[in-house]
Amino acid sequence: MTESSPMSSGDRSASIIRDDVRAMVAYPVANADGLVKMDLMENPFPLPVRLRAELASRLAALEANRYPMPRAESLRATMRAALDIPKHAELILGNGSDELINLVALACARPNAKLLTVVPTFVMYEMSARLFRLNFVGVPLNDDFSLDLEATLASIKIHSPAVIYIAYPNNPTGTLYPRAHIEAIVRAAPGLVVVDEAYQPFALQSFMSELAVYPNLAVMRTVSKSGLAGARLGYMAASAAWIGELEKVRPPFNVNVLTQCYAQFALENRDVLDEQAKTLRLAREDLFRAMQAFDALTVFPSAGNFLLFRILGADKEAATRVFEGIRQQGVLIKDLSHAHPLLANCLRVTVSSSDENASFLRALSAALPCRLAPS
Ligand SMILES: *Cc1c(COP(=O)(O)O)cnc(C)c1O
């Protein structure tokens, strides 16, 4: 907009909006038009046709003229039955787990409160800390993306963080830290520890049952990675003491009726989602082996529905060039090479259907500088 525009004369945003917000950039989501989408850990498989008609009639019967029931009791009951949430644990639902991450920060943002995690990891933890003015502490992982337990425990002692996040398995590395390390962190933590199990369907490991053991533990999950990314539903289980407080900062109608209905239907037919997750777990092993055959890269073991890999060589832009080369051939993955020093020359690909994985491998093979293609 130019200065002479009638709109700009009344623009006071510069003097009103927080300086730190004005300095931010909005969360970047790449344009995927016409590309094979392997960037955001979406499940590539649609709902089977036989279920769609039934879902459509349920959605059509919704009373969208009414506000959603704030506690979403019907959905909760289905979730409790489907997702092995311990009886004694309470549950809070969010508009994606992204919203829950913000609610935790909002509720814990006392003056000088700190939020600690191990880095590189999911960026929303740090984002929430900045937005709600908690001091952020990121403890670097080891070079091989394993957890530096000694440094993490030392940092907990020094900073006494109100909130600790551990992504289990971690995004973007795929690492599943040893359970004993996480338990040591929970025991050492003076405040809340959120174990983020966004990739639980692909890791088949969980801390849900430990909720009974550790009163300062919360387990957060999402239905996004298992097939409902568009519906936006996240949930967190913890003791009534924690959840009762978080409920106070939750917008009452945050999970809309369409989402409640869709998620409930999907969970009632959870065998379909489970089968899709199983297919993706097997595809992950196939893709991992295929990528190991390339001499020009290192692929890291992953417990998620994605693989992190590093393009070898001293050139700092090598991975970005490979990323662009892959995109030019119609496949969108994620370039993380400038996201964190430990991720130098690293790219991340979502595990998809065998056809899409094959498209990716072809594009990768063609995009690599020295074509040391597998025999
Ligand atoms: C994708 C992801 C989420 C976000 O989940 P939504 O429910 O889609 O907001 C949370 N945590 C981790 C570690 C993720 O990778």
Side chain proximity check, Pro70 to Arg250, heavy atoms < 4.5 angstrom
yes
Is it the case that atom CD in Glu150 sees more than 12 heavy atoms from other parts of the structure closer than 6.0 Å?
no
Close side-chain approach of Glu210 to Arg179, heavy-atom, < 4.5 Å:
yes
Is it the case that over 12 heavy atoms from other parts of the model lie below 6.0 angstrom from the OH atom of Tyr67?
no
Determine whether Met79 and Leu267 make a side-chain contact, defined as any pair of heavy atoms from C-beta on separated by less than 4.5 Å.
yes
Could you list the donor-acceptor pairs under 3.5 angstrom formed by side chains in residues 32-46, with sequence neighbours left out?
residue, atom, partner, partner atom, Å
Lys37, NZ, Asp39, OD1, 3.0
Lys37, NZ, Glu42, OE1, 3.1
Lys37, NZ, Glu42, OE2, 3.4
Asn43, OD1, Phe45, N, 2.7
Asn43, ND2, Ser226, O, 3.3
Asn43, ND2, Gln276, OE1, 2.9

Does the side chain of Asp355 come under 3.5 Å of the side chain of Ser353 through a donor N or O and an acceptor N or O?
no
Can Leu246 be reached from Ile101 by stepping across I, L, V, M, F, W or Y side chains whose heavy atoms are under 4.5 Å apart?
yes
Examine the side chains of Thr121 and Asn170 and answer whether a donor and an acceptor come within less than 3.5 Å of each other.
yes
Consider only side-chain N and O atoms of Ser206 and Gln200, and report whether a donor and an acceptor are under 3.5 Å apart.
no
Residue pair Gln264 / Glu268, side-chain donor-acceptor N/O under 3.5 Å
yes
Which atom names give the shortest non-hydrogen contact between Leu336 and Leu343, and what distance separates them?
O-CB, 3.5 Å
Is there a side chain to side chain contact (heavy atoms under 4.5 Å, CB included) between Asn269 and Leu47? Walk through the geometry before answering.
CA-CA 10 Å; Asn269 294 281; Leu47 207 59; over 6 Å; no
Within 6.0 angstrom of Asn112 CG, more than 12 heavy atoms from elsewhere
no
CE (Met24) with more than 12 external heavy atoms under 6.0 Å:
yes
Would you check, one step at a time, whether the test salt bridge (charged side-chain N to carboxylate O under 4.0 Å, His left out) holds for Glu245 with Lys248?
CA-CA 5 Å; Glu245 299 306 324; Lys248 297 175 189 172; 2.8 Å; yes
Partners passing salt bridge (Lys or Arg N to Asp or Glu O under 4.0 Å) against Glu317 (at least two apart in sequence or in another chain):
none
Between Glu126 and Arg130, does any side-chain N to carboxylate O distance fall below 4.0 Å?
yes
Between Val119 and Tyr125, is any pair of side-chain heavy atoms under 4.5 Å apart?
no
Can a side-chain donor-acceptor contact be found between Arg232 and Asn256 if the only test is distance below 3.5 angstrom?
no
Can you label the angle between the Phe207 ring and the Tyr168 ring as parallel, tilted or perpendicular, going by 30° and 60°?
perpendicular
Around atom CG of Asp271, are there more than 12 heavy atoms from other residues, nucleotides or ligands closer than 6.0 Å?
yes
Ring pair (Phe, Tyr, Trp, His ring centres under 6.0 Å) between Phe306 and Phe202, intermediate numbers included:
CA-CA 10 Å; Phe306 58 89; Phe202 312 103; 8.7 Å; no
Please assess Thr350 against Ile333 for the test side chain to side chain contact (heavy atoms under 4.5 Å, CB included), listing each intermediate value before the final yes or no.
CA-CA 7 Å; Thr350 304; Ile333 63 169; over 6 Å; no
Can you tell if the side chain of Phe300 reaches within under 4.5 Å of the side chain of Thr173, non-hydrogen atoms only?
no
Could you tell me if the side chain of Met208 sits less than 4.5 Å from the side chain of Pro86, heavy atoms only?
yes
Take Val213 and Glu183, measure what side chain to side chain contact (heavy atoms under 4.5 Å, CB included) needs, and give me the verdict at the end.
CA-CA 10 Å; Val213 184; Glu183 292 188 44; over 6 Å; no
Neighbour count >12 (heavy atoms, 6.0 Å) for atom CG, Asp144
yes
Is Arg187 close enough and on-axis enough to Tyr214, meaning under 6.0 Å and within 45°, for cation-pi?
no
More than 12 heavy atoms of other residues, nucleotides or ligands under 6.0 Å from CZ of Arg18: is that the case?
yes
